Amino acid sequence: MINPCGLPSMGNIQKLHVGVVPNIVSTEDFTAVVFDTIKDIFYKPINLFELCCGYFQLEKPDTFPMNEYNRLNQFLDGMICLPTFGENKNVAIILSGHNSSRADSVHMKHENSEISLTTYYMVVYGYNIKHRYWPLAVAEISGKRSYYPIECLTVAPGQKVKISNLATEKLKLFEECTNIKVFQRFEEIENVPSVFKLSNDPFCRKLQLSMEESPIHVKARILSPPKLEYKNRKVSPDSLGKLQISSTVTKYFDPSSCEKWKAVLLDSPKIGFNTFTKFLDYYHKTATFHGLELKLESFGESFIFPATKIPALDDKIYEMFQNAKENSVEFILFGLDETDEDIYSFIKCCERSFEIITQCIPITHILETIKHQTPVLGQIIAKTNIKLGGLCYNIPLKPFQFDENSLFIGIHINMPSKISDDDDETSKYATIGFSANDIDKSFFKQSGNFFVQSLEHDKIETVIEAVIDEILNRLKNGLLPTRIIIYQSGSNSEDEIQNLLEKEISVIRRAVSHFRFDIPITFITSTKSNSLQFFNANEDLKSHSDEISCGTVIDSNVIHPTIDEFYLQASVNSNSNFQPTKFSVIYTDEMHASLALFERWTFGLCWNSQNNCSALNVPSVLSSAEKYAQRGRQLLKEFFDNGKTFDFTRSLKHRSVNYSKVEKLRNKNIVD
């Protein structure tokens, strides 16, 4: 059922559609079809020229700016349009981008002579092209390129807008429209039975499929959030799982230090060097308030920031890293344009190659800090502290019944998006990110890395065994964990669960037995996205009290009939609906841990975000593992772009991309 509704601020360009999406889930007593409502923005039939003017916010549309040509090419690629003129004007064409040529410079044959596209449209169609200085849209038809003036194309209806193609200034409006109020979502879902009338449908009756007229009622418990221990005070989160600290009063629990560091601004028209040094002044003063020791360079009787500006070019960045290595620099803080992803990836490759810790600060965050518009500076400094080996706050172990020798591991597998593309070398590999708490140092400090798995040469069990071996070998002085709890992200289909039981878990058990045979193991899968919507049955949904508190856990009625499962929401976004993360205990040989204890441990680890902002909705070890896998994918691309290959006669560990031996480079948030 698709119902159009208005989107006033974008009404000339896009419109909003509401849809209903079904999904099948398991419950304790029966299999259920769950209906959820979604909202997406679709292009309406509109002249492509008008759409481009609105999208790129062109005040003077006589010419199209050259600096936006790349974005225009991405915007047009794959768009379906209907030509305004010609024999095939009712036949849809798929654009492949644009041609930088203009209508006056492109020629085509007409009656044994060559004329410009401008003349052709005038002679054949009697139409005078108005915007001759715009690039031409291109479509491949029967193996031949065809050129169209953008003003002579109409966008075909029903095309969903890609968020990546949505202008930045409209993202907030999109979020406001799609994040509907809780009571509206509840009313939409309650209307589904009357709309679909499945109970009267002959096909549904044959399948014995009936529809409940009212939602399923489930019981929930609320786990208490911890009091986070900073060096000089304790901070209690609010009911949504958020916390606020004072940048001038609160001292970090374990502040880090750095003897030699430097700040580098990559040249950009968006920011000047004086503005960057002003940011560094805020950054250094606030870091010092929190207890960090970032040494400054002495200049006579005063101290100066070790700051410089260089061009945003690979060779200049590489040269800067060489110089930093020769001068024993431990940490480099970059200011850069966040839209330049290639430069960002190159910096992270140099980080591993030269074994120097880096942190990249987007220019927008620098400008926000100077204007005091957001608390982003606190998050930047918290990340610096973690990267340099510190700990922003401690979490008391006792309320969560943590055993300080328990080892928690997160594993995330990042599969390639295009397996069949022979030209893309990265499509032949998966990256497996992992992270674990360092029980031989501090329970809440974490480290991790990633391995590369060849889809042609390696089995996933081989990589998982290497991961476990890597983690346990890091433990020093012969210390071994009292138990191991592994979190892995993924869906919970019956086939996938069976595969985990037959392959990965048996391999993990074998790998652990090499160190000690009687260490109990628990394997828990995590699913972030699910189609279950939970509403507070005890409150008026139209009031502000309808928010479900952080720490809400549900482990009955809507869980799998044969597997221990629970839904947990560690933090709540007040602008969104309650969709908690589902955790399934696939395997455990624990003799002394109940489901309630697994719930408590999981909730406790969600608070180890160390970002001075809020809890995570998955354990911190799993969140970090996902980031390591993503970083592995970035480095893998750079690896192949530089003409390198793997030697499959070597072990997995020695095939890792720029594997780092520097302990701080394996720290929890180094991947950010």
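All values derive from a computational prediction rather than experimental measurement.
- When the side-chain hydrogen bond (donor to acceptor under 3.5 Å, both in side chains) test is applied to Asn394, the partners found at least two apart in sequence or on another chain are Glu229.
- Taking the ring centroids of Phe334 and Tyr344, they lie at or beyond the 6.0 Å cut-off.
- Phe400 is linked by a ring-ring contact (aromatic ring centres under 6.0 Å, His included) to Phe402, counting only residues two or more places apart in sequence or in another chain.
- Partners of Asp469 according to the salt bridge (Lys or Arg N to Asp or Glu O under 4.0 Å) rule, which considers only residues two or more places apart in sequence or in another chain, do not exist here.
- Residues Tyr283 and Leu377 share a closest heavy-atom pair of CA-CD1, 4.0 Å.
- With sequence neighbours left out, the side-chain hydrogen bond (donor to acceptor under 3.5 Å, both in side chains) criterion links Glu590 to Arg483.
- The ring-ring contact (aromatic ring centres under 6.0 Å, His included) check on Phe566 picks up Phe583, with sequence neighbours excluded.
- Glu470 and Asn449 share no side-chain donor-acceptor pair at under 3.5 Å.
- Checked against ring-ring contact (aromatic ring centres under 6.0 Å, His included), Phe253 has no partners two or more places apart in sequence or in another chain.
- Applying the ring-ring contact (aromatic ring centres under 6.0 Å, His included) test to Phe598 and every residue at least two apart in sequence or in another chain returns Trp601.
- With sequence neighbours excluded, the residues satisfying side-chain hydrogen bond (donor to acceptor under 3.5 Å, both in side chains) with Asp403 are Thr482.
- In this view, Asp238 satisfies the salt bridge (Lys or Arg N to Asp or Glu O under 4.0 Å) rule with no residue, not counting sequence neighbours.
- Partners of Ser224 under the side-chain contact (heavy atoms from CB on, under 4.5 Å) rule, at least two apart in sequence or in another chain, do not exist in this structure.
- Asn232 pairs by the side-chain contact (heavy atoms from CB on, under 4.5 Å) definition with Tyr230, Val249, Thr250, Lys251, not counting sequence neighbours.
- A search for side-chain hydrogen bond (donor to acceptor under 3.5 Å, both in side chains) contacts involving Asn414 returns Arg633, not counting sequence neighbours.
- Contact check for Thr369 versus Ile361: no side-chain heavy atoms found under the 4.5 Å cut-off.
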